[in-house]
Enquirer: 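Dropping the structure in here first, questions after.
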Number of protein chains: 2
Amino acid sequence: MLTEERHRIILDLLARKEVVKLQELVEATHSSESTIRRDLTQLEKEKKLRRIHGGATLPHQKREELSVLEKSAKHIEEKKRIAEYAASLVEHGDCIYLDAGTTTLEMIPHLRGKDIVVVTNGMMHLELLLENDIATYLLGGLLKKKTKALIGRGALQSLQSYSFDKCFIGANGVHYEYGYTTPDPEEAMVKHTAMRLAQKAYVLADHSKLNESAFAKIADLHEAILITDQLDEEWQELYKAKTAVEVVAK
Amino acid sequence: MLTEERHRIILDLLARKEVVKLQELVEATHSSESTIRRDLTQLEKEKKLRRIHGGATLPHQKREELSVLEKSAKHIEEKKRIAEYAASLVEHGDCIYLDAGTTTLEMIPHLRGKDIVVVTNGMMHLELLLENDIATYLLGGLLKKKTKALIGRGALQSLQSYSFDKCFIGANGVHYEYGYTTPDPEEAMVKHTAMRLAQKAYVLADHSKLNESAFAKIADLHEAILITDQLDEEWQELYKAKTAVEVVAK
DNA sequence: TATTTTTGATTGATTTTGATTGATCTTTCG
DNA sequence: CGAAAGATCAATCAAAATCAATCAAAAATA
């Protein structure tokens with residue numbers, strides 16, 4: 001078997017399993033241990049993977065990239081600031097859920113290079129996630145034509161089999177009394193389920209969504225941490241009494 | 001053999017296999033090692049391929065496009081005929097599974113206007129299905145970058161909750177002894193599960209796939225009806241003894 | 001026929017490979 | 001906890017595979 005061929009098999013297996021044992025690679029490629037070791041050494045030099053005792057794993061993030069991104073992010077609108085901050089909460093090794101929606105979409109470029117797994121129901125997110133070399137799982141279910149989000153029983157069911165370190169949800173309305181809301185009941189159901197399955201849930205909403213409410217309730221305020229760009233003095237107490245609020249300053 | 005001819009064979013093999021050994025090329029062209037080496041050197045200068053120790057591979061840039069696009073250009077006429085016939089088997093009210101793959105992709109335009117529900121694991125199929133106003137469910141799971149198919153445990157699990165009237169599967173190899181095969185074991189697993197969940201299973205394969213076998217077995221011949229464009233006399237009995245075969249004439 | 005181009009065989013140099021060694025890391029169990 | 005056992009490791013080496021360079025024969029061309 002040719003070197004190139006082996007390398008492809010190794011990276012392919014890695015993309016799929018996150019970690020591979022050296023023995024598995026030996027079997028998969030029908031090569032000797034020595035050869036695989038050499039392959040791993042070389043691929044590590046190329047930053048394609050990271051060696052660990054007994055095998056290899058996907059490379060971990062490179063912090064430098066963030067500084068570059070920050071610069072380009074200076075004059076962007078509120079959503080991008082929120083998205084960037086939200087992305088900074090994602091840590092090495094996290095498994096996160098990304099809700100369909102434009103704000104969460106903005107998070108993706110900032111996730112590049114992080115060694116994470118993303119589960120999403122947003123079709124629009126897919127392309128971008130793959131471009132940024134992020135291991136991506138997609139929910140099943142009925143594809144909603146207008147928003148290209150996956151919803152319904154099928155989506156809920158695929159969702160149940162995961163559990164997340166963090167989840168990031170978009171909402172059309174955030175109200176101190178009615179909680180987080182969105183126009184579509186089925187989407188609301190998916191969002192709520194994702195929140196329940198996550199250790200930490202974040203709702204991303206710019207200030208125009210505050211004190212608004214849409215038709216279908218996603219969850220109560222206290223069920224998620226709210227990330228927004230601006231919260232007027234007069235409301236601070238009201239919201240902070242119910243949940244943690246992160247305000248992303250300019 | 002003419003130089004041009006050899007070059008065509010080399011690039012042809014490359015497009016199909018991504019990586020070829022020098023020895024394979026020697027056999028395929030009945031030329032000497034030296035000649036093939038010279039060919040490779042020249043083709044590399046023309047950026048048509050990249051030489052590696054022991055053979056050659058596709059240049060990095062072209063690899064992604066080729067993985068799906070060029071492959072689809074092969075036997076396109078045959079595939080279309082097969083696809084059109086397969087689509088004609090779909091009846092009003094059916095719930096069908098469409099496997100990821102270029103042949104099944106061709107079925108979609110012919111499904112327009114039929115009142116059906118489609119479940120698929122092919123990301124490429126989505127856009128086209130929606131354009132043709134077909135109710136579409138998508139499997140969950142890990143998105144395989146190269147073929148844009150959903151695979152893995154997540155895909156299998158979403159699959160289990162459906163049942164189909166018919167399913168249409170693509171295969172890279174069809175062999176009277178080894179059955180239906182495909183290069184990726186995880187994809188094979190998804191294909192097989194879909195077949196089991198369907199009342200009637202069809203495998204779509206143009207004649208270039210016959211008597212070939214790939215790494216991972218999908219199913220035995222008898223587990224699905226084979227639809228192809230050409231089956232030589234000499235093989236007819238062998239195949240027809242094992243399963244129903246539909247040959248789509250020109 | 002003479003000239004140029006292409007081919008296949010041969011050479012020694014280079015690269016890759018698998019086995020082996022003793023060193024280092026993990027796990028197990030007293 | 002700490003020592004022994006078991007894995008895994010990097011380094012090394014000889015065998016095997018592959019390579020580039022060369023040259024004469026064969027084929028194509030003038």
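Below, read A as the first sequence line, B as the second, and so on, with proteins coming before strands; counting in each chain starts at 1.
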Enquirer: With sequence neighbours excluded, tell me which residues meet side chain to side chain donor-acceptor pair (under 3.5 Å) with A/E246.
Expert: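 For A/E246 the side chain to side chain donor-acceptor pair (under 3.5 Å) partners, ignoring immediate neighbours, are A/Y85.
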Enquirer: Anything under 3.5 Å between a protein N or O and an N or O of nucleotides 25-29 of chain D, put it in a table, one pair a line.
Expert:
none

Enquirer: Could you pull out the protein-nucleic contacts involving nucleotides 20-22 of chain D (nitrogen or oxygen on both sides, under 3.5 Å)?
Expert:
unit_1: D/dA20; atom_1: OP2; unit_2: B/R51; atom_2: NH1; d: 3.3
unit_1: D/dA20; atom_1: OP2; unit_2: B/R51; atom_2: NH2; d: 3.3

Enquirer: Is the A/Y162 ring parallel, tilted or perpendicular to the A/Y137 ring (thresholds 30°, 60°)?
Expert: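 Correct class here is perpendicular.
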Enquirer: Residues two or more places apart in sequence or in another chain: which of them pass side-chain contact (heavy atoms from CB on, under 4.5 Å) with A/T243?
Expert: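 side-chain contact (heavy atoms from CB on, under 4.5 Å) list for A/T243, sorted by chain: A/Y180, A/L221, A/V245.
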Enquirer: Can you name the side-chain contact (heavy atoms from CB on, under 4.5 Å) partners of B/S34, sequence neighbours left out?
Expert: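 For B/S34 the side-chain contact (heavy atoms from CB on, under 4.5 Å) partners, ignoring immediate neighbours, are B/S32, B/R38.
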Enquirer: Five pairs per end, C1' atoms only: what is the angle between the end axes of the helix from C/dT1-D/dA30 to C/dG30-D/dC1, to 10 degrees?
Expert: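 Roughly 30° between the end axes, to the nearest 10°.
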Enquirer: Touch check for A/I52, heavy atoms < 4.0 angstrom, all strands: base, sugar-phosphate only, or nothing?
Expert: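 Sugar-phosphate contact only - A/I52 comes under 4.0 Å of backbone atoms but never of a base.
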Enquirer: Sequence neighbours excluded and cut-off under 3.5 Å, please list the side-chain donor-acceptor pairs for residues 230-237 of chain B, or say none.
Expert:
unit_1: B/Q236; atom_1: OE1; unit_2: B/K240; atom_2: NZ; d: 3.2
unit_1: B/Q236; atom_1: NE2; unit_2: B/L231; atom_2: O; d: 3.3

Enquirer: Residues in side-chain contact (heavy atoms from CB on, under 4.5 Å) with A/A244, at least two apart?
Expert: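 Counting only residues at least two positions away or on another chain, A/A244 forms a side-chain contact (heavy atoms from CB on, under 4.5 Å) with A/I225.
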Enquirer: A/K48: what forms a salt bridge (charged side-chain N to carboxylate O under 4.0 Å, His left out) with it, not counting sequence neighbours?
Expert: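 Testing A/K48 for salt bridge (charged side-chain N to carboxylate O under 4.0 Å, His left out), a comparison that skips the adjacent residues, returns A/E46.
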Enquirer: Quick one: list whatever passes side-chain contact (heavy atoms from CB on, under 4.5 Å) with A/Q199, sequence neighbours left out.
Expert: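 With neighbours one apart ignored, the set is empty.
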Enquirer: B/D39: what forms a side chain to side chain donor-acceptor pair (under 3.5 Å) with it, not counting sequence neighbours?
Expert: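 Residues passing side chain to side chain donor-acceptor pair (under 3.5 Å) with B/D39: B/R6, B/H7.
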Enquirer: Could you list all N or O pairs between the protein and nucleotides 21-26 of chain C that sit under 3.5 Å apart?
Expert:
none

